[in-house]
Amino acid sequence: MNLGKEGEDPERRQIQHSVSSSEAAPPSAAATVRHAEVEPSPPQPPSPAAAVAAAPAVVSEQPARQLPTVTIPSRDPDALFSGGGISFLTGDRNARFSYGYSSFKGKRASMEDFYETRISEVDGQMVAFFGVFDGHGGSRTAEYLKNNLFKNLSSHPDFIRDTKSAIVEAFRQTDANYLDEEKGQQKDAGSTASTAVLVGDRLLVANVGDSRVVACRAGSAIPLSIDHKPDRSDERERIEQAGGFIIWAGTWRVGGVLAVSRAFGDKLLKPYVVAEPEIQEEEIDGVDFIIIASDGLWNVLSNKDAVALVQDIMDAEAASRKLIEEAYLRGSSDNITCVVVRFENP
């Protein structure tokens, strides 16, 4: 929730060891380059703010399946960045899914959101990974998750056989590895992680923090994750049992510092702020599409509004762009990142 002045990091206050963000830069006109993507997503440039009132120029082409990706980064560091791809569900050449992503610096002075889209083969089975990582106190935790979380998960020996347990263990190990690398860092930093893993015709959503995953089923918005906020009664109880506390400081915060109750990193707030994911499993049958987005979107759009806005947009990349543009028009003052995955069942 953005309760500070425009441009402030809404998740972290400058209290004792915490780090406050810098002032926001004014948005500039949009410039966009679109590209097709299949397999791992391209290196992520700093995703930027765009003045939605000025229609961005887009060079469109249909993404080609199984072709190499060529990324042409925008020359404008404040451009909205987007892309997408198409693939098939394992064992069914008629069941196709498409995905699109957009990322946007917005009114913040720096970009702390990262995303990942990756299609791989694990033990002979096609798997797809989609994730949005919203950093606070800097971008390094979110960038680390982009580069390591799905790699650690797909290499887990029980990933196919016991996917839920593999997700929990991979999240824990990734957090531990990151904290080891953080030794010697004086500034504390952390990140949310909202992820969707597609294994065959199963969809597993794992969430840490207040980014969110929402599905559309028969036109209705179905939440697939619940935000980890300190004022959730179960989260408050967990924090207090671990010896921590929450107080009101513009919003409810762990230790008076952090406005989310679960996150990767945040070494100064361990063991109260944890990277334990809550996991929900769905069958793909009947799911029209899912939206994975940082709170820059959800702060100004309800689940119902987001689904209604794009349910008739068949192009997943166009849908992700539309959601970001609408969030910006509605006054979002945060970075905004969005991934849309649309299922085309026969």
Side-chain angles (χ1 to χ4, degrees), residues 1-4 8-21 112-114 131-142 144-145 149 164 167-176 178-179 182 187-196 205-214 223-280 292-299 303 334-335 337:
M1 177 178 287
N2 287 321
L3 296 177
E8 261 189 348
D9 186 337
E11 307 296 356
R12 180 175 288 277
R13 287 174 60 91
Q14 189 172 7
I15 297 179
Q16 297 178 347
H17 299 290
S18 62
V19 181
S20 66
S21 65
E112 296 180 344
D113 283 4
F114 281 79
V132 169
F133 314 110
D134 182 359
H136 47 263
S139 63
R140 64 183 185 273
T141 315
Y144 183 89
L145 295 178
L149 182 59
K164 283 187 177 180
I167 289 172
V168 172
E169 292 176 14
F171 274 50
R172 287 176 181 165
Q173 189 59 50
T174 302
D175 190 42
Y178 172 73
L179 291 174
E182 280 285 279
K187 290 183 177 180
D188 208 3
S191 178
T192 71
S194 283
T195 65
V205 170
N207 184 61
V208 168
D210 63 354
S211 298
R212 190 182 307 167
V213 184
V214 175
L224 299 185
S225 66
I226 302 174
D227 299 356
H228 290 127
K229 292 291 194 180
D231 57 341
R232 259 180 57 173
S233 59
D234 56 342
E235 287 295 278
R236 179 170 191 156
E237 181 180 1
R238 177 186 61 77
I239 291 164
E240 290 175 346
Q241 285 183 350
F245 63 94
I246 70 168
I247 61 172
W248 179 265
T251 187
W252 289 106
R253 297 177 183 272
V254 180
V257 176
L258 194 63
V260 293
S261 55
R262 299 193 192 191
F264 287 82
D266 293 302
K267 61 181 180 293
L268 299 178
L269 292 173
K270 301 296 186 191
Y272 323 123
V273 174
V274 297
E276 295 287 325
E278 288 187 310
I279 302 172
Q280 184 164 329
I292 313 168
S294 59
D295 67 341
L297 181 85
W298 304 118
N299 285 341
N303 297 352
D334 205 349
N335 303 147
T337 297

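By convention here, the first residue in the shown sequence is residue 1.
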Student: Would you indicate whether the side-chain heavy atoms of Glu169 and Gln173 approach each other to under 4.5 Å?
Tutor: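 No. Closest side-chain heavy atoms not under 4.5 Å.
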Student: So how far is it from Leu269 CG to Asp188 CG, rounded to the nearest 0.5 Å?
Tutor: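 Leu269 CG to Asp188 CG: 6.0 Å, rounded to 0.5 Å.
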Student: Are Trp248 and Arg253 close enough that some pair of their side-chain heavy atoms sits under 4.5 Å apart?
Tutor: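 Side chain of Trp248 against side chain of Arg253, heavy atoms only: no contact under 4.5 Å found.
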Student: Any idea which heavy atoms bring Asn207 and Gly209 closest together, and the distance?
Tutor: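 It is ND2-O, 3.1 Å.
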Student: Give me the atom names and distance for the closest heavy-atom approach of Ala142 to Gly135.
Tutor: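 What the structure gives for the nearest pair is CB-N, 3.8 Å.
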Student: Stepwise, does the ring pair (Phe, Tyr, Trp, His ring centres under 6.0 Å) test hold for Phe133 with Phe114?
Tutor: CA-CA 5 Å; Phe133 314 110; Phe114 281 79; 8.3 Å; no
Student: Does the side chain of Leu224 reach to within under 4.5 Å of the side chain of Val214, using non-hydrogen atoms?
Tutor: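 No, every pair of side-chain atoms sits at 4.5 Å or beyond.
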Student: Taking only residues two or more places apart in sequence or in another chain, which ones pass side-chain contact (heavy atoms from CB on, under 4.5 Å) with Glu276?
Tutor: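 Glu276 satisfies side-chain contact (heavy atoms from CB on, under 4.5 Å) with Val168, Arg172, Arg262, Val274 once adjacent residues are dropped.
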Student: Can you establish whether the number of heavy atoms outside Ile226 located under 6.0 Å from its atom CD1 is more than 12?
Tutor: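 Counting neighbours around CD1 of Ile226, 12 or fewer heavy atoms of other residues, nucleotides or ligands fall under 6.0 Å, so no.
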Student: Do Ser191 and Thr141 have side-chain N/O donor and acceptor atoms under 3.5 Å apart?
Tutor: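 Not at all, the side chains of Ser191 and Thr141 share no donor-acceptor pair under 3.5 Å.
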Student: Between Val208 and Pro277, what is the shortest heavy-atom contact and its length?
Tutor: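 Closest approach of Val208 to Pro277: CG2-CA, 3.6 Å.
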Student: Return the OG1 to CG distance between Thr174 and Leu179, rounded to the nearest 0.5 Å.
Tutor: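 It comes to 11.0 Å.
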Student: Is Asp234 salt-bridged to Arg232, cutoff N-O under 4.0 Å?
Tutor: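 Result for this pair is yes, salt bridge flagged.
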Student: Please find the pair of heavy atoms, one from Leu149 and one from Thr195, that lie closest to each other, and give the distance.
Tutor: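 Distance-wise, the nearest heavy atoms are CD2-CG2, 4.1 Å.
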Student: Do you know the tightest heavy-atom contact between Pro230 and Ile246?
Tutor: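 Nearest heavy atoms, Pro230 then Ile246: O-CD1, 3.2 Å.
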Student: Does the Lys270 side chain pair with the main chain of Gly265, one donor and one acceptor, at a distance under 3.5 Å?
Tutor: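 Side chain of Lys270 to backbone of Gly265, a donor-acceptor pair under 3.5 Å: yes, one is there.
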Student: For a side-chain hydrogen bond (donor to acceptor under 3.5 Å, both in side chains) check, start with the C-alpha distance between Thr192 and Asp134, then their side-chain angles and the critical distance, and finish with the verdict.
Tutor: CA-CA 5 Å; Thr192 71; Asp134 182 359; 4.9 Å; no
Student: Do any N or O atoms from the side chain of Ser194 and from the backbone of Ser211 form a donor-acceptor pair under 3.5 angstrom?
Tutor: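 Yes, the answer is positive, given that a donor and an acceptor are paired below the 3.5 Å cut-off.
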Student: Mind checking the OG1-CG spacing from Thr251 to Asp231? Nearest 0.5 Å is all I need.
Tutor: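 Answer for the OG1-CG pair, Thr251 versus Asp231, is 6.5 Å.
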Student: Applying ring pair (Phe, Tyr, Trp, His ring centres under 6.0 Å), run through Phe171 and Phe264 and close with a yes or a no.
Tutor: CA-CA 9 Å; Phe171 274 50; Phe264 287 82; 5.5 Å; yes
Student: Are side-chain heavy atoms of Ser294 and Asp334 found at a separation under 4.5 Å?
Tutor: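 A side-chain contact is absent here, since even the closest heavy-atom pair is not under 4.5 Å.
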Student: What is the distance from atom CG of Leu268 to atom CD of Glu182, rounded to the nearest 0.5 Å?
Tutor: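 Between atom CG of Leu268 and atom CD of Glu182 there are 9.5 Å.
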Student: When you check the side-chain N and O atoms of Ser261 and Glu235, is any donor under 3.5 Å from an acceptor?
Tutor: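 Ser261 vs Glu235: donor-acceptor pair found between side chains.
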Student: Would you say Ile279 and Val205 make side-chain contact, with heavy atoms under 4.5 Å?
Tutor: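 Result no, sub-4.5 Å side-chain heavy-atom pair not found.
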Student: Apply side chain to side chain contact (heavy atoms under 4.5 Å, CB included) to Trp252 and Arg236, showing your working.
Tutor: CA-CA 10 Å; Trp252 289 106; Arg236 179 170 191 156; 4.2 Å; yes
Student: Determine the minimum heavy-atom distance between Gly256 and Ile247, stating which atoms define it.
Tutor: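 Smallest heavy-atom distance, with atoms named: CA-CG1, 3.4 Å.
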Student: Before giving the answer on side chain to side chain contact (heavy atoms under 4.5 Å, CB included), spell out for Arg140 and Tyr178 the whole-Å C-alpha distance, their side-chain angles and the decisive distance to 0.1 Å.
Tutor: CA-CA 10 Å; Arg140 64 183 185 273; Tyr178 172 73; 3.6 Å; yes
Student: Taking NZ, NE, NH1 and NH2 as the nitrogens, is one of them in Glu278 or Arg212 under 4.0 Å from a carboxylate oxygen of the other?
Tutor: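 Looking at Glu278 and Arg212, the cut-off is not met.
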Student: Can you find a pair of side-chain heavy atoms, one from His228 and one from Asp210, that are under 4.5 Å apart?
Tutor: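 Answer no - side chains too far apart.
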Student: Do Phe245 and Val254 have side chains that get closer than 4.5 Å, going by heavy atoms?
Tutor: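 No. Closest side-chain heavy atoms not under 4.5 Å.
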Student: Could you grab the distance from atom OH of Tyr144 to atom OG of Ser139, nearest 0.5 Å is fine?
Tutor: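 Result: 15.0 Å between the selected atoms.
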